[in-house]
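Notes follow once the structure below has been shown.
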Amino acid sequence: MVKKLRVHAADLRGVNRLTIDGIVGVVDLVEAMHRNIASVPGILAKPSEGRTTGITRLVYWSIRRVISLVGHGLDRLLARLEPLLNERSAWPGREAMLAALNGVLGDYLAASNNSLAITMRLRRGGIALPGERQPLAAAIPQAGGKLLVLLHGLCMNDLQWQRKGHDHGAALARDLGYTAVYLHYNSGLHISTNGRAFAEFLETLVQRWPVPLTELVLIGHSMGGLVARSACHYGALAQHEWVRRLDKLVFVGTPHNGAPLERGGNWVDMLLSSSAYSAPLARLGKIRSAGITDLRFGNLVDEDWKKLDRFERSRDLRLAVPLPEGVACYAIAATTGKTAGNLSDRLIGDGIVPLASALGRHANPRLALTFDESRQWVAYGINHLDLLSRPEVYAQIKRWLAESG
């Protein structure tokens, strides 16, 4: 049986623009290597700047020109087809591909106004929720006073809270009476950009919720926990009502103090840039998004990255952002190790986030987070994505949320 290919015209336009940009980038890369090789630098000489000269320059200019003409022509054609093929269903396969692409290139997609860029929305079942009170009440006819908002991680989307037949949000709605809504966002943008936008979304949601709120809970998986902390920071600065209404905040595998994989990527950047011959290849390492580079240390606010080259190697210069006051905060960490003290805890944790980072521990007291012992829990023998589906993880979240106060 052949499956129907569910590709939208807007997707094709976005892919076309991204492909053209990618081809031009490869041409730039080849020209840079050509220029450096032709200048015969020493192995560790500083790479030369600018483009090639003479007939070689004309050749590369001509290639770029042809690519641009073809790309713009196809874009105009797809623009005419878009109104005829404007299906916008939340097909899980398409959503997963877009989420992964946005995680890696989301800042570039947004800056270039590419139709593949994800726009922040609060959703249920993949359908965006309206912002006005009456349409919101119609969209969630069974809305209750216990509001739960779930935030996904890097390269993921809201539909991926459902894993192996389980969804923490749906289970908590069933067992504890929460009304669950899910944030869908471009995880390639800076965490502080998403944090500020999410704070605004929450303020609107709380003000227009169809029934009186009795409880507000946030659950963030991976990067989603950092976005939630950033939102608390910006919401407090803006004196938002939702910050005062927030009761509990649960972090699930959140890299509060960064993830080693991004630090490894930063080392690759530095090594490639050290030679004139390999310097052009360093551009490939710099494709990764602002959201990914924020994970090097766990940046939460604009000051953590503004006025800095995010690809330059530097020490941890983050501003200290404590856990929000008056909110019960919980941290779940995981390790692939089977028992406490296993080497996996310190080195790789759940495969992406080290145990200490997920629990907010840091050698610098200024950057350490203070979770009460009763509000920390470690899952053994599971990986980062298993945190979304394992029954023992859900049981712990449920236990915490069932507690009063």
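From a predicted model like this one, the values you see are computed outputs, not experimental measurements.
- Ser230 has its side chain out of reach of Phe198: every pair of non-hydrogen atoms, C-beta onward, lies at least 4.5 Å apart.
- Between Arg375 and Phe251, the closest side-chain pair of non-hydrogen atoms is not below 4.5 Å.
- For Asn194, there are no side chain to side chain donor-acceptor pair (under 3.5 Å) partners at least two apart in sequence or on another chain.
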Please tabulate, for the side chains in residues 140-158, all donor-acceptor contacts under 3.5 angstrom to protein atoms that are two or more places apart in sequence or on a different chain.
from: Lys146; atom 1: NZ; to: Leu176; atom 2: O; distance (Å): 2.6
from: His152; atom 1: ND1; to: Met156; atom 2: O; distance (Å): 3.1
from: His152; atom 1: NE2; to: Tyr185; atom 2: N; distance (Å): 3.3
from: Asn157; atom 1: OD1; to: Leu159; atom 2: N; distance (Å): 2.7
from: Asn157; atom 1: OD1; to: Gln160; atom 2: N; distance (Å): 3.4
from: Asn157; atom 1: ND2; to: Glu95; atom 2: O; distance (Å): 3.3
from: Asn157; atom 1: ND2; to: Gln160; atom 2: OE1; distance (Å): 3.1
from: Asp158; atom 1: OD1; to: Arg123; atom 2: NE; distance (Å): 3.3
from: Asp158; atom 1: OD1; to: Arg123; atom 2: NH2; distance (Å): 2.8
from: Asp158; atom 1: OD2; to: Arg123; atom 2: NE; distance (Å): 3.0
from: Asp158; atom 1: OD2; to: Arg123; atom 2: NH2; distance (Å): 3.4

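- Qualifying salt bridge (charged side-chain N to carboxylate O under 4.0 Å, His left out) partners for Arg245, counting only residues two or more places apart in sequence or in other chains: Glu241.
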Using the rule given for side-chain contact (heavy atoms from CB on, under 4.5 Å), can you reason through Asn299 versus His190, listing the C-alpha separation, both sets of side-chain angles and the distance that settles it, and then say yes or no? CA-CA 8 Å; Asn299 294 344; His190 276 294; 6.0 Å; no

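- Panel note: side chain Thr336, backbone Gly381; no donor-acceptor pair is recorded below 3.5 Å.
- Ser289 and Asp107 share no side-chain donor-acceptor pair at under 3.5 Å.
- Asp350 contributes no side-chain N or O that, together with a main-chain N or O of Thr335, makes up a donor-acceptor pair within less than 3.5 Å.
- Nearest heavy-atom pair, Gly106 versus Leu189, reported as atom, atom and distance to 0.1 Å: O-CD2, 4.0 Å.
- One distance of note links CG of Leu122 with CG of Leu202; it measures 6.5 Å at 0.5 Å rounding.
- Taken to the nearest 0.5 Å, the OG atom of Ser192 stands 4.5 Å off from the OH atom of Tyr234.
- The CG atom of Asp372 lies 9.5 Å from the SG atom of Cys329; values are rounded to the nearest 0.5 Å.
- Evaluation of the side chain to side chain donor-acceptor pair (under 3.5 Å) test over residues 201-212, restricted to residues two or more places apart or in two chains, returns Glu132-Arg208, Glu203-Gln207.
- Within the 3.5 Å criterion, the main-chain N or O of Leu323 finds no donor-acceptor partner in the side chain of Arg229.
- Taking OH of Tyr108 as the start and CG of Asn114 as the end, the distance is 8.0 Å to the nearest 0.5 Å.
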Decide yes or no on ring-ring contact (aromatic ring centres under 6.0 Å, His included) for His256 and Phe371, but give the supporting numbers first. CA-CA 12 Å; His256 294 290; Phe371 290 99; 5.7 Å; yes

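- Put simply, the side chain of Trp377 does not reach to within 4.5 Å of the side chain of Ile397, judged on heavy atoms.
- Residues Cys232 and Trp242 meet the side-chain proximity criterion, which asks for heavy atoms closer than 4.5 Å.
- For Ala139 against Pro130, the heavy-atom pair with the smallest separation is CB-CD, 3.9 Å.
- Remark: Leu246 CG to Glu215 CD distance equals 10.0 Å, nearest 0.5 Å.
- Atom CD of residue Gln376 and atom OH of residue Tyr330 lie 12.5 Å apart, to the nearest 0.5 angstrom.
- Using a 4.5 Å cut-off on side-chain heavy atoms (C-beta onward), Leu129 and Phe201 make no contact.
- For Glu303, there are no salt bridge (charged side-chain N to carboxylate O under 4.0 Å, His left out) partners two or more places apart in sequence or in a different chain.
- Within the 4.5 Å cutoff, side-chain heavy atoms of Leu295 are placed close to those of Leu226.
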Review item, side-chain donor-acceptor pairs of residues 216-224, under 3.5 Å, at least two apart:
from: His221; atom 1: NE2; to: His384; atom 2: O; distance (Å): 3.3
from: Ser222; atom 1: OG; to: His384; atom 2: NE2; distance (Å): 2.9

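- Judged as a salt bridge (charged side-chain N to carboxylate O under 4.0 Å, His left out), the pairs with a partner in residues 170-188 (not counting sequence neighbours) are, in order, Asp175-Lys398.
- In terms of heavy-atom proximity, Gly103 sits nearest to Ser187 at CA-OG, 3.3 Å.
- Applying the salt bridge (charged side-chain N to carboxylate O under 4.0 Å, His left out) criterion to Glu200, with sequence neighbours excluded, gives no partner residue.
- The closest side-chain heavy-atom distance from Asn383 to Ile352 is not below 4.5 Å.
- Listed by chain and residue number, Asp386 satisfy the salt bridge (charged side-chain N to carboxylate O under 4.0 Å, His left out) test with Arg163 (two or more places apart in sequence, or in another chain).
- Pairs engaging residues 353-362 under the salt bridge (charged side-chain N to carboxylate O under 4.0 Å, His left out) rule: none recorded [sequence neighbours left out].
- Evaluation of the side chain to side chain donor-acceptor pair (under 3.5 Å) test over residues 317-329, restricted to residues two or more places apart or in two chains, returns Asn257-Arg318, Asp316-Arg318.
- A donor-acceptor contact under 3.5 angstrom links the side chains of Asn102 and Asn186, judged on distance only.
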For residues 164-173, run the donor-acceptor check on the side chains, cut-off 3.5 Å, and write out each pair with its distance to 0.1 Å, sequence neighbours left out.
from: His166; atom 1: NE2; to: His168; atom 2: ND1; distance (Å): 2.8
from: Asp167; atom 1: OD1; to: Gly169; atom 2: N; distance (Å): 2.8
from: Asp167; atom 1: OD1; to: Ala170; atom 2: N; distance (Å): 3.3
from: Asp167; atom 1: OD1; to: Tyr182; atom 2: OH; distance (Å): 3.1
from: Asp167; atom 1: OD2; to: Tyr182; atom 2: OH; distance (Å): 2.9
from: His168; atom 1: NE2; to: Leu387; atom 2: O; distance (Å): 2.9

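- Remark: side-chain polar atoms of Thr293 are paired, donor with acceptor, to backbone N or O of Ala290 under 3.5 angstrom.
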